[in-house]
Structures are given as structure tokens and as C-alpha cells.
Amino acid sequence: MKCILSPIKVSLLILCMITSTFTLTAQVVKPKSAFPELTSEITKMDSLLFAAYNNRDLEKMKPFFSKSLELYQDNDGVKGFDQVMQGFKSLLSRDYVLHRELVKGSMEVYPIKGFGAIQTGSHQFCHVENGQLECATFKFLNIWEKTAAGWQIKRLVTYDH
């Protein structure tokens with residue numbers, strides 16, 4: 001038995017296939033604001049961490065990082081918690097004031113089921129040296145873990161230096 005479809009039926013069939021493909025795609029692709037509550041939490045943590053950084057307060061910064069922290073940096077290699085804290089201590093003791101600011105609109109946050117969140121974005125660091133404002137923008141990726149003590153960065157990747 002042969003099934004012969006009229007041109008109109010073929011057109012309708014193709015239209016249905018295209019429409020269902022777009023519908024499935026629309027359900028899978030999530031906008032940047034698909035996780036507003038989580039984004040709000042991580043934005044707050046990012047703000048608190050870098051308020052401490054901008055105020056040169058290492059003791060307030062420490063609780064934001066897991067003791068099992070791993071920092072991956074494109075131009076400096078891999079470091080653990082103690083090395084990172086020593087680096088911050090050295091950086092924060094410099095004569096000039098280094099200021100970090102999140103690049104507006106660059107941050108994205110995604111959940112990690114049963115663990116925490118991924119935060120990506122760009123941030124700018126500026127300081128005045130020899131009377132000149134020096135600024136540089138870098139990219140970062142943080143893996144935040146939600147612990148009993150609160151949010152902590154477990155893995156940190158900084159690149160594009």
C-alpha cells in the first residue's frame with residue numbers, strides 16, 4: 001500500500017517538524033538570568049569577597065576560600081590555599097592600592113547539582129603607579145561549594161593575562 005501525500009500535507013508536515021525542533025531548542029537553551037536566586041547569592045558573595053580585597057583585609061577574605069582550594073592561573077601555574085593566601089598577603093601589602101571591579105554584565109552563574117555553582121566573568125584590577133592609572137582586565141571561573149559554613153571557592157581559574 002502506497003501512501004501519497006499532497007503538497008499541502010507535505011508542507012504541513014515539514015512545518016510541524018520545524019516547529020517542534022524550535023520548541024525543543026527553546027526548552028534547552030537557558031538565558032543568563034535562568035537562575036536568578038543563585039545568581040543573587042553568588043553576586044553577593046563576589047561583592048563581599050572583593051569588598052574585603054579592596055579594603056586590604058586578608059582575614060575577612062580567607063573564609064571565602066576552601067582549605068582545599070586550587071588556583072589555576074595561565075601565567076603563574078597551579079597553587080593551593082596556603083600559597084594563594086601568601087600571594088594575597090604580599091599583594092595587599094604593596095604601597096599602591098589595588099582595586100578590583102567586576103566588569104558589568106560579564107558575570108554568569110550556573111548551578112552544579114548537589115554541590116554549588118559555577119561563576120564566570122571578567123574583572124578589572126586598577127592601581128595608580130608613578131602618577132598613572134594602570135588597569136588590566138582578566139577572565140575568571142570560580143567553582144563555589146555550598147558548605148555548612150556557607151559559600152566557599154573550591155576551584156579558581158584566572159586567565160587571559
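By convention here, the first residue in the shown sequence is residue 1.
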_Non-hydrogen side-chain atoms of Leu49 and Phe65 separated by less than 4.5 Å_ = yes
*What are the two closest non-hydrogen atoms of Gly116 and Trp151, and how far apart are they?*
CA-CZ3, 3.6 Å
*asked:* Is any side-chain heavy atom of His127 closer than 4.5 Å to one of His99?
replied: no
_side chain to side chain contact (heavy atoms under 4.5 Å, CB included), that's the test. Do Ile118 and Val109 meet it? Break it down for me._
CA-CA 6 Å; Ile118 298 168; Val109 176; over 6 Å; no
*Taking atom types as modelled, find out whether Gln119 and Trp144 have a side-chain donor-acceptor pair closer than 3.5 angstrom.*
yes
*Go through the side-chain N and O atoms of His123 and Glu101 and say whether any donor and acceptor fall under 3.5 Å apart.*
no
_Is there a side chain to side chain contact (heavy atoms under 4.5 Å, CB included) between Thr120 and Met107? Walk through the geometry before answering._
CA-CA 5 Å; Thr120 64; Met107 190 174 80; over 6 Å; no
*Output yes when a side-chain donor or acceptor of Gln73 lies under 3.5 Å from a complementary backbone atom of Val157, and no otherwise.*
no
_Closest approach of Pro63 to Gln152 (non-hydrogen atoms, all atoms of both residues)_ = O-NE2, 3.2 Å
_Tyr159 vs Phe138 side-chain heavy atoms within contact, under 4.5 Å_ = no
_Donor-acceptor check, side chain of Ser90 to backbone of Gly87, threshold 3.5 angstrom: yes or no?_
no
*Say you draw a straight line from CD of Glu145 to CG of Leu69; how long is it, rounded to the nearest 0.5 Å?*
11.5 Å
*Taking the side chain as C-beta and beyond, is there a heavy-atom pair between Leu92 and Lys89 under 4.5 Å?*
no
*Kindly say whether Glu129 contributes a backbone atom to a donor-acceptor pair with the side chain of Gln132 at under 3.5 angstrom?*
no
*Does NZ or CZ of Arg100 lie under 6.0 Å from the centre of the six-membered ring of Tyr53, at an angle within 45° of the ring axis?*
no
*For the atom pair CZ (Phe35) and CD (Glu108), what is the distance rounded to the nearest 0.5 Å?*
10.5 Å
*To the nearest 0.5 angstrom, please state how far the CZ atom of Arg56 sits from the CG atom of Leu91.*
8.5 Å
*Do the side chain of Ser106 and the main chain of Ser122 share a donor and acceptor less than 3.5 angstrom apart?*
yes
*Centre of Phe140's six-membered ring, under 6.0 Å away, within 45 degrees of the axis: is that where NZ or CZ of Arg155 sits?*
no
*Please round to the nearest 0.5 Å and tell me the distance separating atom CG of Leu38 and atom OG of Ser40.*
9.0 Å
*Linking I/L/V/M/F/W/Y whenever their side-chain heavy atoms sit closer than 4.5 Å, directly or via other members, would Met61 and Val97 fall into one cluster?*
no
*Considering only heavy atoms from C-beta outward, does the side chain of Cys126 approach that of Leu98 to under 4.5 Å?*
no
_What I want to check is whether the side chains of Lys139 and Thr158 have a donor and an acceptor closer together than 3.5 Å._
no
_Backbone of Phe50 reached by a side-chain donor or acceptor of Asn54 within 3.5 Å_ = yes
*Can you name the closest pair of heavy atoms from Leu141 and Ile143 and give their distance?*
CD2-CD1, 3.8 Å
*asked:* Working note: Glu70 + Lys79, criterion salt bridge (charged side-chain N to carboxylate O under 4.0 Å, His left out); need CA distance, chi angles, decisive distance, verdict.
replied: CA-CA 6 Å; Glu70 290 179 356; Lys79 294 180 179 176; over 6 Å; no
*Please answer: with hydrophobic residues joined when any side-chain heavy atoms are less than 4.5 Å apart, are Phe125 and Val103 in the same cluster?*
no
_Test side chain to side chain contact (heavy atoms under 4.5 Å, CB included) on Phe115 and Lys154; report intermediate values, then the result._
CA-CA 11 Å; Phe115 183 82; Lys154 182 116 174 147; 4.1 Å; yes
*For Val128 against Tyr96, the heavy-atom pair lying closest together*: O-CB, 3.5 Å
*asked:* Tell me whether Ser47 contacts the main-chain N or O of Thr43 through its side chain, where contact means a donor paired with an acceptor under 3.5 Å.
replied: no
